[in-house]
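Counting convention: from 1, in listed order, for ligands and their atoms alike. Here the structure is a predicted model, which means the values were calculated and not measured.
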Amino acid sequence: MNKEWIYALPKVELHCHLDGSLSTETVRELAKMSGIIVPERDEDLKHLLQVEDDCKSLGEYLEKFALPLACLQTEEALEYAAYSLIKDAAKENVIYMEVRFAPLSCMGKGLTVKQVTKSVIDGLNRGYKDFGVKSGVLVCGMRHTRVERNIAMLHAMKDFLGKGICGVDIAGNEADFPPMLQKEFFEEARKLGLPITIHAGECQCANNVHDSILLGAKRVGHGIAIMNNPEILCEVKENGIGIEMCPSSNLQTKAVEDMKHYPIQKFIGEGLCVTLNTDNRMVTGTILSKEYELMVKHFGLSSKDLIQITQNAVNCAFTDEKSKEGLHKIIECYH
Ligand SMILES: [Zn+2]
C-alpha cells in the first residue's frame, strides 16, 4: 500500500467543520464577496487560518476560526463555501461527507436560521451535481447558548430535516459546558427523528462520553478520554457507538500528549467502531488521506484496516440504508 493507494481509496468523512475547512483560495474568494481585506501573500493568509505545529492549546486552535466565520455571513458566501469544500474533498476521492456547522454563528449580518441552512444545503447539492460527492449537514447547537435558543434553531429549520440536514451536534467549549447542559436540545432532536453525534471526550473528560450516550448519541466526536476509562469504553462498545477520531487535530488541541499515546490501535483492538476524520482541514492543515497516511506511518495500519475504517464510517453514517449499500459497493469494487 502506498500514498497513491490511499488517495485513490473511496473515503467517507463524518467529522468535518465547514468554517475550519476552507482553503486559502476559498477564503480569499469569500473575503472578496464580503469586502474583507486579507493579506496578499498566501503564506500570510495561511498564518491567519492554520495553527503551527507547536500549537499550545485548544484556545489557540479556536482563534483560527475568526476570519472564516467573519466571511460566512451571507447566503452567497455560505453556498460558495459548502460547494468549495465538496470540490476539495472530491479531489481526494471522498465519496460521502457529513459537513457540520453552527447556524447561530452565521447570523451576524441578519440572516435567518432558515436562510443560513438553505444556503449551505444548496452549496452541498451543487457540489454533488458537479463532483458526485454525496453529503449531509450536521447542525451544531452552541454549548454556551441557552438551550431554548438551540431548540428554536431546530424548529426554524424543520423544512430541511431529513432533506439536507442529517443530524445534530453541539460545538464550543466542552470543558466548561458539558453535554448535559443541552439535555432538552437533544430530547427535541430525538423527537424530530434527528440522529445525534456529540463532541465528547476531547478534554480529558470520559464522563461526557457516558452522558452523550444517555442523551441518545449514536456517535461521539473524538472520544479520546475513554482510553483511560475501561468502563465507559465498554459502554461505547456495547452500544455500538461510532468514534469520530481526528488524529492531527487531537494532537494540536492536546487531547493526547503525543502520537505515541494516540489510542487508535487500542480502540480497534477493543472492537470499537473507529472512523478517521479531519475535523478542520484548514485549521489543522490536513486532508483525510493524510490522516490515513499518518496512522499507517505511526501504527502500521494495513490496507485491510483502512478499508475497515471506511466501512465503519459507512455503517454509522447518518444516511439511509439504500445509500449505505451504494457506498459499500463503491468501496468493495476498489479492493
Ligand atoms: Zn470537531
Side-chain angles (χ1 to χ4, degrees), residues 12-22 49-51 55 57-66 68-69 72 81-82 85 89 94 97-106 120 135-145 150 166-179 182 185-186 195-205 208-209 212 215 217-226 241-256 262-264 267 274-288 290-291 294 313 316-318:
V12 167
E13 175 154 42
L14 303 178
H15 192 128
C16 181
H17 294 261
L18 178 65
D19 51 354
S21 298
L22 305 172
L49 299 169
Q50 193 168 93
V51 291
C55 176
S57 66
L58 183 59
E60 195 180 322
Y61 192 85
L62 294 177
E63 279 169 19
K64 305 294 177 183
F65 291 83
L69 268 179
L72 291 175
L85 176 55
V94 171
M97 182 169 201
E98 290 178 7
V99 177
R100 59 187 84 195
F101 88 110
L104 299 179
S105 309
C106 303
V120 171
S135 60
V137 174
L138 291 169
V139 172
C140 297
M142 300 305 292
R143 288 180 183 275
H144 60 270
T145 299
N150 284 329
C166 66
V168 298
D169 178 23
I170 39 171
N173 177 345
E174 183 195 347
D176 297 327
F177 299 91
Q182 296 293 334
F185 171 67
F186 291 113
I196 298 168
T197 175
I198 304 181
H199 276 83
E202 189 181 13
C203 65
Q204 330 291 338
C205 186
N208 285 345
V209 175
S212 296
L215 291 167
K218 297 289 174 226
R219 305 196 315 241
V220 290
H222 309 300
I224 301 303
I226 64 168
I241 304 298
I243 307 279
E244 303 160 1
M245 301 189 87
C246 309
S248 297
S249 162
N250 295 153
L251 216 65
Q252 290 165 343
T253 62
K254 305 287 175 273
V256 280
Y262 199 66
I264 190 160
F267 288 180
V274 168
T275 70
L276 275 174
N277 306 276
T278 61
D279 204 11
N280 294 289
R281 289 167 173 252
M282 186 65 213
V283 178
T284 283
T286 192
I287 57 174
L288 192 52
K290 269 197 193 171
E291 298 302 302
L294 203 64
C316 61
F318 294 159

Among Leu14, Asn277, Val137, Thr197, which residue meets the side chain to side chain contact (heavy atoms under 4.5 Å, CB included) test with Glu98?
Leu14
N, O or S of His17 under 2.8 Å from the Zn ion (ligand 1)
yes
If you count the non-hydrogen atoms of other residues, nucleotides and ligands that lie under 6.0 Å from NZ in Lys254, is the total more than 12?
yes
For the metal site, I want the angle between atom NE2 of His199 and atom NE2 of His15 with the Zn ion (ligand 1) at the apex, to 10°.
90°
Would you check if the Zn ion (ligand 1) lies under 2.8 Å from any N, O or S atom of Glu202?
no
Would you call the rings of His222 and His15 parallel, tilted or perpendicular, where under 30° means parallel and over 60° means perpendicular?
tilted
Determine the interplanar angle of the His17 and His199 rings, folded into 0 to 90°, and report it as parallel if under 30°, tilted if 30 to 60°, perpendicular if over 60°.
tilted
Kindly give the atom name of the N, O or S atom of Asp279 closest to the Zn ion (ligand 1).
OD1
